[in-house]
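Below is one structure, written out as structure tokens, with a few remarks after it.
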Amino acid sequence: MNARYAGYLFCALAMLGVGSTVVVSKSIAAGLPPFSATALRFAIAFPLFVLAMRWRGVRWPRLDRRDTLLVIAQAGAGSVGYTVLLISGMKLASAADAGVIAGTLPAVSALVAMLALGERPAPALIGAIVLATAGVLVCTVRLDDFTAPHAARSLAGNALVFAAIVCEALFILLNRKLRAPVAPLPLSALMCGIGFAVSIVPALFEQPWNVPVDVSALVGVLYYALVPTVAGFMLWYAGAARISGAEAGLMTALVPVSTVALAALVLGEAVSAAQLTGVACVLGAVLLATFGQMRTVRGAA
């Protein structure tokens, strides 16, 4: 297979895995407390990353105090915060709505960089942020639902999912602030190891041993650890090494599409016209941001 097409395939498969985390979090939320599920996810994934490091002869990075604190903050936001908030949100939100919200990550990341770093956005990026925001509003804020008894729960769930995306955006931002870049494999291992250390204490307060055993939730955590976490890492970086960063970014458009499709096929959720409109807006935002990045890179060359 051509290396470029292989890159597209690997990145696409990785993003399909990311999209499935929203759906699988629905079953996890029904049977496990959020911090307990998060700690179990990292307890499974961490030793696998360590084995991969030993197999490839990769050493642990040597970080100064500032970078060590940044890596801990990354793990707290992008690993623990994202997982806990997503699982908590999926108790209340529909998977289709959550998938559209998850697809706004590129635009949210750009907005966080603007606010936190004072970066000056290109017009295409501003348009992408506006489109992504419109997509979320269209699919999650429906005026005729405010009188429904489930409306408050649904809005609260959507807010938690969006908070999870903000945590993931902070992860991306903090990674850019590291003085010494860390290779993807040891960084993933660090995220899992620190994520476990951060989540295990609140998990003990949840007393998961008193929760009735839910096989589907445990299978969901196992899937989350093995497929989107470990396999997703391998696929994403294998694909990103074969294509440009802008082309890899374009593959994130598959997240809302795959989530909405899986919500319908696996969970049997009805997909509304508003949700499809939201998906279209988010896809447009990703395309606009990606092609805007391509033009910026070409203009600088």
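Keep in mind the model is a prediction, meaning the values are calculated, not measured. All values below were derived from every heavy atom in this structure, side-chain atoms included, with hydrogens, water molecules and symmetry-related copies excluded.
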Are [X] and [Y] packed together at the side-chain level, in the sense that at least one heavy-atom pair is separated by less than 4.5 angstrom?
X	Y	result
Pro186	Met53	yes
Leu63	Val182	yes
Pro184	Trp236	no
Leu226	Leu48	yes
Ile165	Tyr82	yes
Glu206	Pro34	yes
Phe35	Val201	no

Hey, could you give me the [atom1]/[atom2] distance between [X] and [Y], rounded to the nearest 0.5 Å?
X	Y	atom1	atom2	result
Phe46	Leu190	CZ	CG	8.0 Å
Asp64	Leu70	CG	CG	8.5 Å
Trp209	Leu204	CH2	CG	5.5 Å
Trp60	Leu185	CH2	CG	8.5 Å
Ile87	Thr21	CD1	OG1	9.5 Å
Phe49	Leu187	CZ	CG	9.5 Å

Please check if the side chain of [X] supplies one atom and the backbone of [Y] the other of a donor-acceptor pair under 3.5 Å.
X	Y	answer
Ser20	Gly17	yes
Arg242	Ala238	yes
Asp97	Asn158	no

Starting from [Y], can I reach [X] by hopping between I/L/V/M/F/W/Y residues whose side chains sit under 4.5 Å apart?
X	Y	result
Val219	Met90	no
Val221	Leu262	no
Val213	Leu40	yes
Phe205	Val80	yes
Val84	Met191	yes

(request) Sequence neighbours left out, what passes side chain to side chain donor-acceptor pair (under 3.5 Å) with Ser216? Give chain and number order. (result)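 In terms of side chain to side chain donor-acceptor pair (under 3.5 Å), with neighbours along the sequence ignored, Ser216 is linked to Asp214.
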(request) Sequence neighbours left out, what passes side chain to side chain donor-acceptor pair (under 3.5 Å) with Thr83? Give chain and number order. (result)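 Partners of Thr83 under the side chain to side chain donor-acceptor pair (under 3.5 Å) test: Arg41.
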Which pair of heavy atoms, one from [X] and one from [Y], lies closest together, and at what distance?
X	Y	result
Val161	Ile101	CG1-CG2, 3.9 Å
Ala225	Ala45	O-CB, 4.1 Å
Ala263	Ala95	CB-CB, 3.6 Å
Ala203	Ser36	O-OG, 3.6 Å
Ser25	Leu86	OG-CD2, 3.6 Å
Ser258	Leu16	CB-CD2, 3.4 Å

(request) Go through the steps for Lys26 and Val266 under the test side-chain contact (heavy atoms from CB on, under 4.5 Å), then give the verdict. (result) CA-CA 11 Å; Lys26 196 81 171 175; Val266 178; over 6 Å; no
(message) Checking side-chain polar atoms at under 3.5 Å, does Ser188 have a donor or acceptor matched by the opposite partner on Tyr237?
(response)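 No, Tyr237 and Ser188 have no side-chain donor paired with an acceptor closer than 3.5 Å.
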